[in-house]
K.L.:
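Structure in structure tokens, see below.
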Amino acid sequence: MSDIQLVAEANLPTEFGLFRIVGFKSPSTEKEHVALVMGNITNGVPVLARIHSECLTGDTLHSLKCDCGFQLQTALKQISREKRGVLIYHREEGRGIGLINKIRAYALQDQGMDTIEANLALGFDADERDFSICADIFNLLGIREVRLLTNNPQKIETMKNAGINVVERVPLNVGENPHNSKYLNTKAEKMGHFIVYND
């Protein structure tokens with residue numbers, strides 16, 4: 001059971017519009033997460049939502065080795081278009097293995113491994129993230145029903161098991177390029193992600 005707590009909030013003007021940024025912290029792990037909230041999310045209508053795991057290389061440094069940065073930008077644009085929604089920025093870099101280990105995994109991928117093989121070779125599970133924290137954040141925000149922007153079936157299953165009703169999965173297939181084709185294939189074939197390639 002997570003001990004996540006809402007600890008701070010403020011307005012955050014962005015290129016996608018005005019959000020409220022809400023900060024959460026787990027006293028037991030010292031991990032901090034944020035949610036970007038736009039509009040009235042507690043009026044009983046299912047909320048367009050994205051659980052976005054931290055990816056410094058993709059989100060900030062514009063890496064083409066993944067689709068993370070593209071997904072972040074697209075999700076914020078879709079929330080902005082609807083003028084209502086929430087994006088949880090889940091601080092679990094590198095599927096939970098941390099930034100330095102992710103760079104080590106990149107080095108193994110440069111030698112031919114896929115993302116899962118690299119994580120396993122470093123002594124980690126294929127995915128170390130705990131999405132139940134995000135369900136706790138939805139609860140603290142007063143959200144019970146979501147239209148979840150995701151290709152990841154594990155996020156959907158975790159939300160449902162935690163009592164968050166996923167009324168719709170909204171696909172998020174963006175950012176395909178020659179540098180991440182193996183990465184996307186691995187997510188689809190080994191992790192069951194709902195990946196649809198653009199022709």
Side-chain angles (χ1 to χ4, degrees), residues 1-12 14 19-38 41-42 46-61 63 66 68-69 71-72 75-76 79 85-106 108 115-116 118-166 169 172 187 191-193:
M1 182 65 178
S2 169
D3 61 349
I4 199 84
Q5 297 173 358
L6 193 161
V7 294
E9 59 183 298
N11 289 329
L12 186 72
T14 75
F19 287 85
R20 189 168 90 255
I21 185 168
V22 186
F24 301 86
K25 187 171 185 177
S26 167
S28 64
T29 66
E30 291 296 309
K31 283 193 175 180
E32 299 173 333
H33 308 271
V34 298
L36 294 180
V37 178
M38 179 177 281
I41 58 171
T42 58
V47 177
L48 181 64
R50 165 74 179 159
I51 295 169
H52 188 86
S53 294
E54 180 178 30
C55 178
L56 177 71
T57 48
D59 298 342
T60 304
L61 303 178
S63 166
C66 63
C68 303
Q71 289 186 324
L72 176 63
L76 289 171
I79 290 170
V86 60
L87 182 139
I88 294 175
Y89 200 77
H90 185 219
R91 303 288 304 283
E92 295 273 9
E93 179 76 49
R95 291 196 188 128
I97 68 173
L99 179 60
I100 299 304
N101 281 320
K102 182 169 84 168
I103 296 170
R104 291 178 178 133
Y106 278 174
L108 293 174
T115 55
I116 291 177
N119 273 25
L120 295 175
L122 291 171
F124 298 105
D125 290 335
D127 193 336
E128 297 266 346
R129 291 173 293 181
D130 178 8
F131 294 122
S132 66
I133 293 166
C134 302
D136 293 333
I137 289 174
F138 281 139
N139 278 317
L140 286 171
L141 291 171
I143 296 171
R144 300 293 181 270
E145 293 190 317
V146 295
R147 296 162 48 230
L148 198 61
L149 280 155
T150 189
N151 303 325
N152 186 343
Q154 186 58 48
K155 291 180 183 178
I156 298 169
E157 190 66 23
T158 302
M159 292 309 105
K160 289 181 176 179
N161 290 340
I164 302 298
N165 184 18
V166 180
R169 182 187 75 84
L172 198 56
K187 289 206 294 185
M191 302 181 78
H193 285 212

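All residue numbers in this chain count up from 1 along the given sequence. Hydrogens, waters and symmetry mates play no part in the numbers below; they use all other heavy atoms, side chains included.
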K.L.:
With no hydrogens and no angle check, is any side-chain donor or acceptor of Gln71 less than 3.5 Å from a backbone partner on His52?
P.N.:
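Not confirmed, Gln71 side chain does not pair with His52 backbone.
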
K.L.:
Using 0.5 Å steps for rounding, measure from the NZ atom of Lys155 to the CZ atom of Arg129.
P.N.:
6.0 Å

K.L.:
Tell me if a side-chain donor or acceptor on Arg147 pairs with a main-chain N or O of Pro46 at a distance below 3.5 Å.
P.N.:
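The answer is no, because no donor-acceptor pair under 3.5 Å joins these two groups.
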
K.L.:
Would you say the side-chain atoms of Lys25 pair up with the backbone N or O of Val7, donor to acceptor, closer than 3.5 Å?
P.N.:
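No, because the side chain of Lys25 does not come within donor-acceptor range (under 3.5 Å) of the backbone of Val7.
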
K.L.:
Can you tell me how far apart CE (Met159) and CD1 (Ile143) are? Round to the nearest 0.5 Å.
P.N.:
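Separation between the atoms: 11.5 Å.
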
K.L.:
In Å and rounded to the nearest 0.5 Å, what is the CZ to CG distance from Arg95 to Asn119?
P.N.:
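If I round to the nearest 0.5 Å, the distance is 6.5 Å.
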
K.L.:
Rounded to the nearest 0.5 Å, how far apart are CD of Glu9 and CZ of Phe24?
P.N.:
8.0 Å

K.L.:
Mind checking the CG-CG spacing from Leu172 to Leu72? Nearest 0.5 Å is all I need.
P.N.:
9.5 Å

K.L.:
Could you state the interatomic distance from CG (Asp130) to NZ (Lys31), rounded to the nearest 0.5 Å?
P.N.:
8.5 Å

K.L.:
Short question: side chain of Asn151, backbone of His193 - any donor-acceptor pair under 3.5 Å?
P.N.:
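The answer is no, because no donor-acceptor pair under 3.5 Å joins these two groups.
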
K.L.:
Please list all pairs meeting ring pair (Phe, Tyr, Trp, His ring centres under 6.0 Å) that have one or both residues in residues 126-154, counting only residues at least two apart or in different chains.
P.N.:
His90-Phe131

K.L.:
So Arg144 and Asn165, do their side chains get closer than 4.5 Å, heavy atoms only?
P.N.:
no

K.L.:
Is there a donor-acceptor pair under 3.5 Å between the side chain of Glu93 and the backbone N or O of Leu56?
P.N.:
yes

K.L.:
With a 3.5 Å distance limit and no angle check, can you tell me whether Asp3 reaches the backbone of Ser28 through a side-chain donor-acceptor pair?
P.N.:
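The answer is yes, because a donor-acceptor pair under 3.5 Å joins these two groups.
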
K.L.:
Tell me every residue that passes side-chain contact (heavy atoms from CB on, under 4.5 Å) with Cys66, counting only those two or more places apart in sequence or in another chain.
P.N.:
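side-chain contact (heavy atoms from CB on, under 4.5 Å) check on Cys66 returns Cys55, Cys68, Tyr183.
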
